[in-house]
2 protein chains.
Amino acid sequence: MAKTGGTARAATAALDSLDFALDRGSPVPLYYQLAQQLEAAIEHGVLAPGNLLGNEIDLSTRLGLSRPTVRQAIQSLVDKGLLVRRRGVGTQVVHSQVKRPLELSSLYDDLESAGQGPTTQVVRNEREPASPDVAAALAVAEGSEVIVLDRLRLTHGQPVALLCNHLPATLLDLDTARLESTGLYRMMRTAGITLHSARQTIGARSATAEEAARLDEEEGAALLTMQRTAYDDTGRPVEYGTHIYRASRYAFDFQLLVRP
Amino acid sequence: MAKTGGTARAATAALDSLDFALDRGSPVPLYYQLAQQLEAAIEHGVLAPGNLLGNEIDLSTRLGLSRPTVRQAIQSLVDKGLLVRRRGVGTQVVHSQVKRPLELSSLYDDLESAGQGPTTQVVRNEREPASPDVAAALAVAEGSEVIVLDRLRLTHGQPVALLCNHLPATLLDLDTARLESTGLYRMMRTAGITLHSARQTIGARSATAEEAARLDEEEGAALLTMQRTAYDDTGRPVEYGTHIYRASRYAFDFQLLVRP
DNA sequence: GAGTGGTCTAGACCACAAT
DNA sequence: TTGTGGTCTAGACCACTCG
């Protein structure tokens, strides 16, 4: 029985009237079903920022779940930054509606190609011996064969970026036509490669005459540069990229979460 | 009993000889003690990349812990990107030794001030009415009082960055002397504010004449720009920063983890 | 078929925060 | 003192991978 005497306690009311539909026959885990429905409730404003979630014991008995299962669902949303737990207080919805985390920032952007807005022209798709820096980044022997990919990214018909990517030659076959229609990222996933982490360095410098010409900028214009090594779920490097963006038309936008 | 017949199985051997010292009297959780010691073993190379960790059941009985506790320890390292779990296979150390994740990239850097290398001069530390963009970022009323902080970051006596930060006026008191010796980040922590997440936009542009003069660059030199809003653990914005870095002396370097 | 991690349960005690 | 989340236990069954 909740204390519904004052307005201060009303924060929990929203959840009381919520009922979650859990399908035990479904292959999707119960904690995940609960997490998704909680997330949806938060996203749709049914659970407003600051709302208390009610204690875990009540919630678990009400849902017919064990407490660890409910905790697992809640924890996943805490990890996403949607909920906050406070010992002795409760679990509440985070105040600022931080939108979609965008997860891998430009990573998907850069590797994708399909989609409405941006298009990508494959300028070069070959194999060549690895230079020292490429070999180091991909953890292969210097001089061993690697895939080199040069692409030009356009939005609204305007050049935005020069993308140069290197991949281990043994990783997959890259058909240029499929590459332009499907995107590198999807082709990697199809080949059973799941990206897991990436290390990025973002800097800036002035455009050379050649870069300026290719990007339709003035010589000396500010460019954003990015170097990235991406790793699969076993920690093996699967992609090394050196990208150049027109600063006048592109910026990196991402969210950081602090792990406690 | 492990099958120690072949060399292929030797991967587990390293762990067998490891013994972990768990202190049940300590206030630090058992799963955390285990996680720290596993991480140390990985860092020191006792557990080499690719090594299997041995199954969770054995590990738990050997350590005198329950399986969920062991799983919690392992999971925390999986989240850090140090371990990989594969159903039907086992848990193994990730191949690439991805160094310290650096977590919040330049966030701590920018907010810190103490330390040997970089120093920070507080150029301005005042309160003023919030401009529209500042008010929006900090979720306060337009025109309400906010703290404005202008700082100059130096390394080796050379200017590196112009840092402009805005904070809600009610958040804390910023003594300039303490600010230069302690750093903004530590002062916020001391005030009970724990950073939780941040939203960043990184771009580039050419230096104006004034910026060039203050940063000891040529006019038109490439600059890195960064805008950030940082949130505490309740999701309230606690800091809004507009920073300018000399691209010739500074780059952002960070690691991204893909959440599965 | 054997071994692995993935999920789930039904309890328990503790530390911390508010009242 | 009461209620909350934080931690921990000792089992269970399932899904997947591999030989």
ask   = Once you round to the nearest 0.5 Å, how far does CG of A:N125 lie from OG1 of A:T176?
value =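 One finds 4.0 Å between CG of A:N125 and OG1 of A:T176.
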Strictly below 4.0 Å: does [X] bring a side-chain N or O up to OP1 or OP2 of [N]?
| X | N | result |
| --- | --- | --- |
| A:N55 | D:dG3 | no |
| B:S66 | D:dG11 | no |
| B:Y31 | D:dC8 | no |
| A:R67 | D:dT9 | no |
| B:T91 | C:dG5 | yes |

query = Quick one: bend of the helix from C:dG1-D:dC18 to C:dA18-D:dT1 from 5 pairs per end, to 10°?
reply =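 Comparing the first five pairs with the last five, the axes sit 20° apart.
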key: A:M187 to A:R178 - nearest heavy-atom pair and separation   =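 The answer is SD-C, 4.1 Å.
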query = Do you know the tightest heavy-atom contact between B:L53 and B:L38?
reply =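 Of all heavy-atom pairs spanning B:L53 and B:L38, the closest is CD1-CD2, 4.3 Å.
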Output the rounded distance in Å from [atom1] ([X]) to [atom2] ([N]).
| X | N | atom1 | atom2 | value |
| --- | --- | --- | --- | --- |
| B:I74 | C:dG6 | CD1 | C1' | 13 Å |
| B:L30 | C:dC13 | CG | P | 17 Å |
| B:L59 | D:dT9 | CG | P | 13 Å |
| A:R86 | D:dG6 | CZ | C1' | 15 Å |
| A:R24 | D:dC14 | CZ | P | 13 Å |
| A:R85 | C:dC16 | CZ | C1' | 15 Å |
| A:L63 | C:dT9 | CG | P | 10 Å |
| A:L52 | C:dA17 | CG | C1' | 13 Å |

ask   = Is a donor-acceptor pair below 3.5 Å formed from side chain A:R87 to base D:dG3, judging by atom type as modelled?
value =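 No pair found.
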task = Tell me yes or no: between the side chains of A:Q33 and A:D23, is some donor less than 3.5 Å from an acceptor?
result =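 On atom types as modelled, these side chains do not qualify, holding no pair under 3.5 Å.
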key: From D:dC8, C:dG6, D:dG6, nucleotide with atom closest to B:R71 side chain   =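 The closest nucleotide is C:dG6.
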message = Heavy atoms only, 4.0 Å cut-off, all strands: where does A:P68 land among base, sugar-phosphate and nothing?
response =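 Since a base atom lies under 4.0 Å of A:P68, the category is base.
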ask   = Quick one: does B:T234's side chain get under 4.5 Å of A:R86's, heavy atoms only?
value =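 In contact.
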request  = State, with a plain yes or no, whether a side-chain heavy atom of B:L83 is found less than 4.5 Å away from one of B:V93.
outcome  =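 Yes - at least one pair of side-chain heavy atoms lies under 4.5 Å apart.
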query = More 5' along DNA chain C: B:G90 or A:Q72, using each one's nearest nucleotide?
reply =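 Its nearest nucleotide being more 5', the pick is B:G90.
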ask   = B:V238 and side-chain contact (heavy atoms from CB on, under 4.5 Å): which partner among B:L167, B:T229, B:L195, B:T194?
value =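 Testing each of B:L167, B:T229, B:L195, B:T194 against B:V238, the sole residue satisfying side-chain contact (heavy atoms from CB on, under 4.5 Å) is B:L195.
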